[in-house]
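Working notes, structure below.
Throughout, protein chains are lettered first and strands after them, A, B, ... in sequence-line order, and every chain is numbered starting at 1.
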Protein chains: 2
Amino acid sequence: MSLITESPITAADKTFFQLRKDIVKGKVLSGSKLSETELSTNYGVSRAVIREAINRLEACHLVERKANIGARVVALTPEGLVELYQVRESLEGMAARLAATNMTDEEIAGLNALLTTHFQTVKTGETYYQEAGDVDFHYRIILGSKNSHLISILIDGIYHLIRMYRVQFGMAGPRVTTAFDEHKHIVGAISNRDAELAEILMRRHILYTKNSFEKKLASNAI
Amino acid sequence: MSLITESPITAADKTFFQLRKDIVKGKVLSGSKLSETELSTNYGVSRAVIREAINRLEACHLVERKANIGARVVALTPEGLVELYQVRESLEGMAARLAATNMTDEEIAGLNALLTTHFQTVKTGETYYQEAGDVDFHYRIILGSKNSHLISILIDGIYHLIRMYRVQFGMAGPRVTTAFDEHKHIVGAISNRDAELAEILMRRHILYTKNSFEKKLASNAI
DNA sequence: AGCGCAGATATTGTCGACAAAACATTAATT
DNA sequence: AATTAATGTTTTGTCGACAATATCTGCGCT
């Protein structure tokens with residue numbers, strides 16, 4: 001189930017995507033209970049498809065289920081965010097390493113083109129960059145790893161959780177220009193087919209992002 | 001769903017565990033189709049619980065499902081094994097890094113005790129070591145990371161796939177004494193709370209294991 | 001004979017109903 | 001008054017039936 005490319009076919013698919021969207025956006029509150037009957041009336045489908053959707057959400061770590069008790073949306077905590085970024089650092093570092101050897105020259109050229117596009121956007125001072133551009137950048141490298149496990153874990157799983165934290169903790173924030181430089185260096189390493197350096201730079205990049213988030217969290221908590 | 005500690009409660013749980021066991025052991029052939037009706041008669045439960053079990057197996061990457069077509073057991077390929085070990089290297093490396101800071105002194109003492117036990121076993125020349133002992137060693141470090149995502153991805157997901165490759169490609173193999181030394185050094189780094197070194201050593205350890213598997217595969221292929 | 005189409009068959013997707021377990025409420029006892 | 005037991009309600013788990021989609025079979029056509 002490559003959740004990024006294929007279009008929704010079955011009712012369970014559509015319900016899964018809709019529910020995931022609602023959870024990420026916070027329309028369904030973090031920590032709240034997912035009542036099967038209630039959802040089934042709200043989304044206009046039978047309990048069976050709701051159950052299937054919930055099962056998939058559990059696989060993404062967006063909800064937690066207990067036998068005979070029910071499912072709850074995961075609670076967002078600063079510790080959880082840290083854990084998430086530790087995994088992300090590890091996996092995206094490996095993705096960058098693999099991308100440096102597995103991406104085609106065309107794909108690398110595309111990455112460079114994306115960078116220049118971003119540079120134009122950043123120069124004009126638009127904040128658009130972070131949300132869409134940053135995601136796109138990381139997506140390309142993840143896919144460039146050509147490792148299906150890596151791709152699945154990151155894109156089908158971790159990324160939605162990260163988006164959830166971003167949205168609900170209110171982090172569209174700064175880190176635009178510095179992040180751009182980091183991106184540039186990562187692409188440079190990949191262009192040079194320097195796998196080790198690409199991994200190191202990507203890990204540092206994600207570590208910095210985490211630190212920036214933690215600072216923001218601390219200031220919000222006051 | 002912490003699949004390692006909790007005991008099976010519902011029929012879906014039991015069916016999931018049984019099916020997973022049968023897939024890992026090769027009783028259900030790699031690449032074969034999982035017919036819902038057939039399984040439902042074989043396992044003596046309704047199609048609903050079979051579907052739930054298959055959904056969970058998909059989350060573990062043990063089966064692949066296509067809408068309106070059905071589920072197949074994943075095909076085992078040398079390339080797949082390489083991809084798996086790339087992810088494992090990345091994640092278990094991070095686990096070792098985190099374990100070095102997050103394990104309690106008692107847990108570390110337990111790790112050292114496990115090592116001496118293994119040493120006795122290895123000295124007497126028993127091959128028992130690799131299967132149970134090695135798994136136990138890695139489990140403890142993974143759990144020692146105290147990172148729930150890491151634990152879930154590795155223990156609920158990747159490890160069963162690795163066991164499947166081990167069983168079906170016939171790898172109980174050697175690498176006993178050398179692996180023991182590697183384990184010893186890893187535990188040493190963790191005992192010294194040297195996170196960076198623990199990660200490096202664990203990554204090398206897993207890389208060596210992968211290389212050993214690849215050699216074995218190549219010789220089997222002749 | 002090979003290819004394409006139409007009907008028949010089998011498989012997956014969805015639904016509503018029933019069973020079992022958890023939870024809430026009330027009553028009884030100390 | 002507090003705790004526990006019993007009962008009733010709600011929620012999840014399981015089942016069999018029906019609908020929709022895919023696969024197979026056989027016929028007709030070129």
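Between N55(B) atom CG and dG13(D) atom P the separation is 14 Å, expressed in whole Å. Following rounding to the nearest Å, K66(B) (NZ) and dA22(D) (P) show an atom-to-atom distance of 13 Å. Atom pair E58(A):CD and dT12(D):P shows a separation of 14 Å (rounding to whole Å applied). Rounded to an integer number of Å, the gap from CD1 of I50(B) to P of dG13(C) is 14 Å. Spacing between atom CD of E38(B) and atom C1' of dT12(C) amounts to 15 Å, rounded to whole angstrom units.
Residues satisfying the ring pair (Phe, Tyr, Trp, His ring centres under 6.0 Å) criterion with Y43(B), sequence neighbours excluded, are absent altogether. The side-chain hydrogen bond (donor to acceptor under 3.5 Å, both in side chains) test applied to H149(B) returns no partner, not counting sequence neighbours. In terms of the salt bridge (Lys or Arg N to Asp or Glu O under 4.0 Å) criterion, E214(B) has no residue partners (sequence neighbours excluded). In this view, R140(B) and D136(B) satisfy the salt bridge (Lys or Arg N to Asp or Glu O under 4.0 Å) rule, not counting sequence neighbours. With sequence neighbours excluded, the residues satisfying side-chain hydrogen bond (donor to acceptor under 3.5 Å, both in side chains) with Q18(B) are D22(B).
The salt bridge (Lys or Arg N to Asp or Glu O under 4.0 Å) pairs that include a residue from residues 87-105 of chain B are R88(B)-E92(B), E89(B)-R203(B), R97(B)-E199(B), D105(B)-R193(B), where partners are two or more places apart or lie in different chains. Screening residues 80-99 of chain A for ring pair (Phe, Tyr, Trp, His ring centres under 6.0 Å) gives Y85(A)-F213(A) as the qualifying pairs, with residues at least two apart or on separate chains.
Atom NZ of K33(B) has more than 12 heavy atoms from other residues, nucleotides or ligands within 6.0 Å. Counting non-hydrogen atoms of neighbouring residues, nucleotides and ligands closer than 6.0 angstrom, the NZ atom of K21(B) reaches no more than 12 such neighbours.
A distance-only check finds a donor-acceptor pair linking the side chain of T117(B) to the backbone of A113(B) [under 3.5 Å].
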For nucleotides 14-16 of chain C, which of its nitrogen or oxygen atoms have a protein nitrogen or oxygen under 3.5 Å away, and what is each distance?
residue, atom, partner, partner atom, Å
dT14(C), OP1, A11(A), N, 2.4
dT14(C), OP1, A12(A), N, 3.4
dC15(C), OP2, S46(A), N, 2.8
dC15(C), OP2, S46(A), OG, 2.9

Protein-nucleic acid N or O pairs under 3.5 Å, nucleotides 5-11 of chain C:
none

Extract from the structure each pairing of a protein N or O with an N or O of nucleotides 6-9 of chain D at less than 3.5 Å, listing the distance.
none

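Checked for salt-bridge contact, R51(B) and E52(A) meet the test: a charged N lies under 4.0 Å from a carboxylate O.
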Which atom pairs, one a donor and one an acceptor, fall under 3.5 Å between side chains of residues 66-81 of chain A and the rest of the protein, sequence neighbours left out?
residue, atom, partner, partner atom, Å
R72(A), NE, G31(A), O, 3.1
R72(A), NH2, G31(A), O, 3.3
T77(A), OG1, G80(A), N, 2.9

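If you check the side chains of H118(A) and D134(A), you find no donor sitting under 3.5 Å from an acceptor.
Computed from C1' positions of five pairs at each end, the angle between the two local axes of the helix from dA1(C)-dT30(D) to dT30(C)-dA1(D) equals 10°, rounded to 10 degrees.
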